[in-house]
Asks: 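The structure's right below; bear with me while I get my questions together.
Values below: all heavy atoms of this structure, side chains included; hydrogens, waters and symmetry mates excluded.
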Amino acid sequence: MSRATTKKTSPDAISPSYEQALEELERLVASMEGGQLPLDQLLDSYRRGAELLGFCRARLQAVEEQVKVLAGGEMKSWEDS
């Protein structure tokens with residue numbers, strides 16, 4: 001009998017892009033809201049969703065920081081452009 005191992009994923013290994021991570025997160029949420037998942041799969045989906053959410057938040061924050069640098073240190077409203 002072999003023992004299954006779980007490997008931890010780094011944020012970069014979660015998904016190659018923000019858009020793909022967001023799509024996967026949306027699919028997970030839809031399947032969880034459907035109420036048809038067994039408890040173990042529901043828990044796994046919740047964990048994966050939390051990883052994806054953290055990844056998406058981190059990417060958005062990184063982009064926001066890049067925009068601040070490009071804008072000379074201050075965030076400007078899109079309407080001010």
Side-chain angles (χ1 to χ4, degrees):
M1 186 161 102
S2 67
R3 183 177 157 209
T5 59
T6 58
K7 66 177 184 177
K8 296 197 180 224
T9 56
S10 69
D12 293 334
I14 288 177
S15 189
S17 74
Y18 171 84
E19 290 78 9
Q20 289 173 329
L22 188 59
E23 286 177 18
E24 183 180 350
L25 182 57
E26 289 171 347
R27 285 191 305 269
L28 283 171
V29 169
S31 69
M32 291 169 64
E33 287 178 341
Q36 301 298 314
L37 295 176
L39 186 58
D40 288 342
Q41 191 174 353
L42 183 64
L43 183 58
D44 289 343
S45 294
Y46 182 85
R47 286 182 184 139
R48 177 67 175 159
E51 289 176 352
L52 290 165
L53 182 60
F55 172 78
C56 288
R57 284 181 175 165
R59 288 294 299 140
L60 287 173
Q61 185 175 1
V63 168
E64 185 176 297
E65 291 300 317
Q66 290 175 358
V67 169
K68 281 182 186 177
V69 168
L70 293 172
E74 60 183 76
M75 290 294 291
K76 296 179 182 178
S77 171
W78 289 109
E79 291 95 32
D80 294 342
S81 299

Asks: About how many Å separate SG of C56 and CD of E19, when rounded to the nearest 0.5 Å?
Replies: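 SG of C56 is found 9.0 Å from CD of E19.
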
Asks: Do L52 and R48 have side chains that approach each other closer than 4.5 Å (heavy atoms only, starting at C-beta)?
Replies: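 A side-chain contact under 4.5 Å exists here.
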
Asks: Going by side chain to side chain contact (heavy atoms under 4.5 Å, CB included), name the residues that satisfy it together with L53, two or more places apart in sequence or in a different chain.
Replies: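 Only L25, R57 meet the side chain to side chain contact (heavy atoms under 4.5 Å, CB included) criterion with L53.
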
Asks: Are L60 and L22 connected in the hydrophobic side-chain network, where two residues link if heavy atoms are under 4.5 Å apart?
Replies: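 L60 clusters together with L22.
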
Asks: Would you check if R59 and F55 make a side-chain contact, meaning some heavy-atom pair closer than 4.5 Å?
Replies: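 Answer yes - side chains close enough.
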
Asks: Once side chain to side chain contact (heavy atoms under 4.5 Å, CB included) is applied, do any residues pair with S45, and if so which ones, sequence neighbours excluded?
Replies: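 S45 satisfies side chain to side chain contact (heavy atoms under 4.5 Å, CB included) with L28, M32, L37, Q41 only.
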
Asks: Can a salt bridge be assigned to the pair R27 and E24 using a cut-off of 4.0 Å between side-chain N and carboxylate O?
Replies: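 Here R27 does not pair with E24 in a salt bridge, since their nearest N and O are not under 4.0 Å apart.
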
Asks: State the CD-CD distance between Q20 and E23, to the nearest 0.5 angstrom.
Replies: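 Nearest 0.5 Å value for the CD-CD distance: 7.0 Å.
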
